[in-house]
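What follows is one structure encoded as structure tokens, with my remarks underneath.
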Amino acid sequence: ERKIVADLARPDVLAISDPIPPAGDLSAWRREVLFRVIDARYRDQRSTWLTCNARDSAEGDQAFSEPVWDRLQHGAEILVCEWESFRAG
């Protein structure tokens, strides 16, 4: 597990696509591993690009935890995309 975290912390840019499962929340273990990766990257000032489906910052806090969400937002360029879902209808 340490090697995986170290490998994910190493690249200059890491892209993470929608880490929240389609149903339910992140498990405590997954949340902890995500924190370790994001915290290591944050301390080393490495860019992390993340896509997620969150309506607002409060939902991001709840989904990822406040420490992870704070690190992801600090100095970030946040792009909000508000279009209808192709699933709606």
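Just so it is clear, the model here is predicted, and its values are computed rather than measured.
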Single-linkage hydrophobic cluster, 4.5 Å side-chain cutoff, I78 and L14 together
no
After noting the C-alpha distance and the side-chain angles of E1 and V33, does the key distance pass the side-chain contact (heavy atoms from CB on, under 4.5 Å) rule?
CA-CA 9 Å; E1 184 178 304; V33 171; 4.1 Å; yes
Do the side chains of L72 and L34 join up, straight or via other hydrophobic residues, at under 4.5 Å, putting them in one cluster?
yes
Closest heavy-atom pair, I38 versus R71, reported as atoms and distance to 0.1 Å, is CG2-CB, 3.8 Å
Between A54 and G60 the two heavy atoms that sit nearest each other are CB-N, 4.2 Å
In plain terms, say whether D39 and R36 are close enough for a salt bridge, that is, a side-chain N and a carboxylate O under 4.0 Å apart.
no
So, for P11 and D7, which heavy atoms are closest and what is the spacing to 0.1 Å?
CD-O, 3.2 Å
Which atom pair, heavy atoms only, marks the closest approach of T48 to R41?
OG1-NE, 2.8 Å
ILVMFWY cluster, F64 and W49 together (side-chain gap under 4.5 Å)
no
Minimum heavy-atom separation for S57 and W69, please, with both atom names.
OG-NE1, 3.1 Å
Heavy-atom neighbours of E59 CD exceed 12 at 6.0 Å:
yes
What do the steps show when you test L26 against I20 for side-chain contact (heavy atoms from CB on, under 4.5 Å), and what is the final call?
CA-CA 6 Å; L26 284 174; I20 304 299; 3.7 Å; yes
Is Y42 reachable from V5 through a run of hydrophobic residues whose side-chain heavy atoms are each under 4.5 Å from the next?
no
Interatomic distance, CG@D25 vs CZ@R30, rounded to 0.5 Å, equals 12.0 Å
Search all heavy atoms of T51 against all heavy atoms of S17 and return the closest pair with its distance.
OG1-CA, 3.3 Å
Start with the C-alpha distance between S65 and R31, add both sets of side-chain angles, then the distance that settles side chain to side chain donor-acceptor pair (under 3.5 Å), and finish with yes or no.
CA-CA 8 Å; S65 78; R31 199 177 288 215; 5.4 Å; no
Do W29 and F35 belong to the same hydrophobic cluster, where Ile, Leu, Val, Met, Phe, Trp and Tyr are linked whenever their side-chain heavy atoms lie under 4.5 Å apart, directly or via other members?
yes
Between R46 and D12, is a side-chain contact (heavy atoms from CB on, under 4.5 Å) present by the stated rule, with each step listed?
CA-CA 5 Å; R46 297 187 183 276; D12 291 336; 2.9 Å; yes
